[in-house]
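Have a look at the structure below before the remarks.
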Amino acid sequence: MSSRAASLRTLATAILLTTISTRIAAQSPLTVASPDGKTEVSVGVEAGVLRYSVRHNGSNVVMPSRLGFAFKGAPPLADSLRIVGSQRATYDSTWTQPWGEVARVRDHHNELRVDVAESKALARRFTVAFRVFNDGLGFRYELPDQPAITDYEISDELTEFALADNGSAWWIASNRPRLDRSEQLYSEGPVSTLDSVQTPLTMKFSNGLYVVIHEANLVDYPRMFLAGPRMESRTLRAALAPWADGVKVRGHTPLVTPWRTIQLADRVENLQPQLLTLNLNPPNKLGDPSWIVPQKYVGIWWGMHLNTMTWSSGPKHGATTANTKKYVDFAAANGFKGVLVEGWNIGWDGNWIENKNAFTFTKAYPDYDLPGLAAYAKSKGVGLIAHNETSGGIENYERQLEDAYKLYQSLGIHAIKTGYVADTVGGGQSHYGQFAVRHHRKVIETAAKYGIMVDAHEPIHDTGERRTWPNMMSREGARGQEYNAWGAEGGNPPEHETILFFTRLLAGPMDFTPGIFDLLLKSTGEGARTPEQSRPRTTLAKQLALYVVLYSPLQMAADLPENYAGQPAFQFIKDVAVDWDTTRVITGAIGDYVVVARRQKGAPTWFLGAITDENPRTFTVPLDFLTPGKRYEAEVYADGAGANWRTNPLPVAISRKAVTSATKLTVALAPGGGQAIRIRQLP
Ligand code: NOJ
C-alpha cells in the first residue's frame with residue numbers, strides 16, 4: 001500500500017472510530033435483565049476501562065468491576081477500550097438430565113453480547129457474553145482469531161467482583177503450601193477479610209441475599225480462584241492457577257473462556273440445587289447415556305483408612321480375590337450395583353505417593369484375579385469399580401489410558417475412581433492449572449469412548465461437565481468421610497456437612513462416602529475411639545440422612561460389610577434412591593442445619609434427610625410436597641433416646657407412621673444428629 005493510501009486508511013479508521021465512540025459516549029451503559037426482571041447487569045466503559053455491575057431487587061450486588069486480560073509479551077487488554085457493538089437474544093427451553101438432583105431443567109435467560117475494541121494501535125477485539133437467568137448470571141470472554149492475538153500467553157485474567165456488601169463468606173483457602181487441594185475445613189468471615197479462596201464461594205449479604213461465585217464449562221483453561229480484597233475493599237479478583245513458569249493460559253486464538261458465574265438466591269431454600277452452571281455447559285456430546293447407571297456401591301476401601309488392610313501387597317493386602325468375592329457377594333445380597341476395589345493394581349508397594357510412575361493400570365497383583373473377579377461380579381449382577389490412583393503422575397496415567405480403559409471395557413468394568421494424591425501433578429504443575437484441566441477432560445472423554453463412568457478424587461472442581469459428558473458422575477474435592485478415620489487429624493466437626501451442602505455441593509455431586517455404622521471405630525482393633533480422637537462426629541441416624549442431603553449419583557455404603565450385620569438401620573441404605581426427579585430444600589442455615597426432601601426418579605416415593613451441627617434441633621416439616629388425596633407411609637430413622645455424637649452416637653429409633661400431604665411432621669435431631677425418612681405411597 002502507498003503511504004498516501006495508508007494515511008487515507010488511517011484517517012478513515014479514525015473517523016469511523018470517532019463516530020463509534022461518539023455514539024458510545026452518548027449511550028447509557030448497556031443493560032440486560034433476568035427473565036423475571038429481578039436481576040440486572042450493566043456493562044459500560046469509563047475512561048477506557050470496561051466494567052460490569054449487577055443489581056438484584058433494586059440493590060447493588062456487584063459494583064462496577066473491571067474486565068480484561070494481561071498478557072506476557074503484549075500490553076494488557078484492559079484500557080483504551082470501546083464498546084463497538086452488541087447483540088441480544090432470549091432463550092427458553094427445557095432439557096432432561098439423564099440423572100441428577102432434578103430430572104428437568106429449564107434454561108430461560110436473556111443474553112447480551114458486548115463487542116469491545118481497543119482504540120490503540122493493536123486494535124484488538126473481543127466479546128463479553130452475558131447470560132442472565134432468574135437464579136443468577138454468567139459471563140465469559142471470547143477472543144476471536146485476529147492478527148494482533150494469535151498465539152497468546154495470558155499472565156492474568158483481570159476480572160473483578162467488587163461486592164456491594166461486606167457479607168459473610170464461607171471459604172476454604174487456595175494458597176496454602178502443601179494443601180493445594182480442597183480438603184480443608186470451612187471458615188466463615190466477612191468478605192473484606194478474605195485472602196485467597198476457592199470457588200464456589202458462598203456469601204450472605206446483610207440484606208439476606210445469597211451470592212455464590214463460581215465458574216462453568218472449564219475447558220483448556222486454568223481453574224479460577226479468588227484473590228482477596230486489597231486495602232480493606234470488597235473487591236475479589238479472578239486468580240488463575242498457573243503453569244510452573246507462572247503463565248496462566250497459553251494457546252492460540254480463538255479463545256473462549258469458562259463462564260464466570262454469580263448465583264443469586266433471596267432465600268437459603270433456593271440455593272440448591274444449582275442449575276446455573278449446568279445451563280452454561282453445552283448439551284450432551286456422549287450420545288446414548290443409557291449405559292450410565294447411578295448406583296450405590298461398597299468397596300475395599302475403609303479398611304485401608306482404618307489401617308486394618310493395606311493397598312500394598314503383603315499379609316494385610318485388601319484387594320485379594322477372596323476378599324473381593326466377599327464384597328461382591330455382599331453387594332449382590334443387598335442390591336448394590338458396584339464394588340470399588342483399591343490396591344488391586346501393581347504400584348502400591350513402597351511410598352506410593354512418591355513412586356507415581358510405578359503405577360500400572362492394567363496389571364493386577366498376583367493375589368487378585370482381575371478377569372475372574374470381573375466375570376464373577378457380572379454373574380451376580382454387580383460391576384467392579386476399578387481404582388486408578390495416579391499420585392499426580394499424569395503422564396504415566398495418560399500413557400496407559402487407552403489400554404487400561406479398553407481392558408476394563410472388555411471385562412465389563414464400567415466405572416473407575418481416579419485419584420491425584422499429590423501436591424503437584426505432571427512433575428511440578430499446579431493441581432488446578434491448564435495442564436491438569438486438559439488432563440481431566442481427556443480422562444472424561446476417553447472414558448466416555450469406552451463406556452466408563454468416572455468418580456474423581458482430588459479432582460478439579462466441578463463446573464458442570466456432567467451436562468456434556470454424563471459419564472462424569474461424582475467427585476471428592478472436599479473433606480470427606482476419610483478424614484474421620486485418620487489419626488490425630490480430629491475428624492470433621494459436626495457442622496461440616498451443613499456447610500458442604502451450601503458450598504462444595506453447589507458445584508455438583510460429591511462422593512462423600514457416608515454410611516459408617518461403627519462410629520466408635522472399634523473395628524480398628526484398638527478399642528473404641530474417644531471423641532477427641534478421629535472418628536465420625538455424627539450420630540448413626542445422621543450417617544443415614546447424609547445419603548439424602550449430600551447428593552451423589554454414586555453413593556457408597558462406606559463401612560466394612562461386617563459392621564452392617566444385624567443392623568436394622570442398614571435397611572435405609574438399601575432403600576435410599578440415588579437419582580431424583582425433584583429436590584426441595586425445606587429449610588437450612590449454613591453451618592447449623594439442613595432439611596431436604598427429594599422425590600425418587602420415576603416413583604411416587606420421597607426421601608427426607610435432616611442434619612444438624614452440635615446443637616439439638618426440632619423442626620416441623622409440612623409434607624405439602626406429597627400428592628394431595630394420596631395416602632403414604634413414612635419409615636422414620638431418628639436419633640434414639642439419649643443419642644448424641646459425643647458420648648452416645650449409636651441409638652437409632654425406627655418407626656412407621658401414616659402421613660398425607662396435610663401432615664406436619666415433627667423431626668427431632670440430637671446433638672450432631674440427623675433423621676432419614678422414606679415416604680412411600682400406599683396403594
Ligand atoms: C484419597 C482418596 O480420597 C481415597 O478415597 C483413596 O482411598 C486414597 N486417596 C488412595 O487413593
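Note that ligands are numbered from 1 as they come in the structure, with each ligand's atoms numbered from 1 the same way. Just so it is clear, the model here is predicted, and its values are computed rather than measured.
Residues Y365 and D349 have side chains that bring a donor and an acceptor to within less than 3.5 angstrom of each other. T463 and T277 are not linked by any side-chain donor-acceptor pair at a separation below 3.5 angstrom, with hydrogens and angles left out of the test. For the residue pair H496 / Y483, no side-chain donor-acceptor distance below 3.5 Å is found, with atom types taken as modelled.
Side-chain contact between R475 and H457 is absent, with no heavy-atom pair separated by less than 4.5 Å. Put simply, the side chain of D367 reaches to within 4.5 Å of the side chain of H317, judged on heavy atoms. A heavy-atom distance below 4.5 Å is found between the side chains of Y376 and D329.
Remark: distances from the non-hydrogen atoms of W348 to ligand 1 include one below 4.0 Å.
For atom 9 (N) of ligand 1, the closest heavy atom belonging to the protein is V421 CG2, 3.4 Å. Scanning the protein heavy atoms around atom 4 (C) of ligand 1, the nearest turns out to be E482 OE1, 3.1 Å. Here the protein heavy atom with the shortest distance to atom 5 (O) of ligand 1 is K417 NZ, 2.6 Å. Ranking the protein heavy atoms by distance from atom 7 (O) of ligand 1 puts E342 OE1, 2.6 Å first. The protein atom (non-hydrogen) at minimum distance from atom 8 (C) of ligand 1 is W311 CZ2, 3.9 Å. Nearest protein heavy-atom neighbour of atom 11 (O) of ligand 1: E389 OE1, 2.6 Å. Residue, atom and distance of the protein heavy atom nearest to atom 1 (C) of ligand 1 are E458 OE2, 3.1 Å.
When heavy-atom distances to ligand 1 are checked against a 4.0 Å cut-off, W302 has no atom that comes that close, whether in backbone or side chain.
Those atoms of ligand 1 with a heavy atom of E476 less than 4.0 angstrom away are 3 (O). Each of the atoms 4 (C), 6 (C), 7 (O) of ligand 1 lies under 4.0 Å from some heavy atom of H305. In the vicinity of W301, heavy-atom distances shorter than 4.0 Å reach the ligand 1 atoms 4 (C), 5 (O), 6 (C), 7 (O). In the vicinity of H387, heavy-atom distances shorter than 4.0 Å reach the ligand 1 atoms 10 (C), 11 (O).
Aromatic ring centroids of Y450 and Y408 lie 6.0 Å or more apart. For Y405 and F361, the distance between ring centers is not under 6.0 angstrom.
We find that E532 and R537 are not joined by a salt bridge, their nearest charged nitrogen and carboxylate oxygen being 4.0 Å or further apart.
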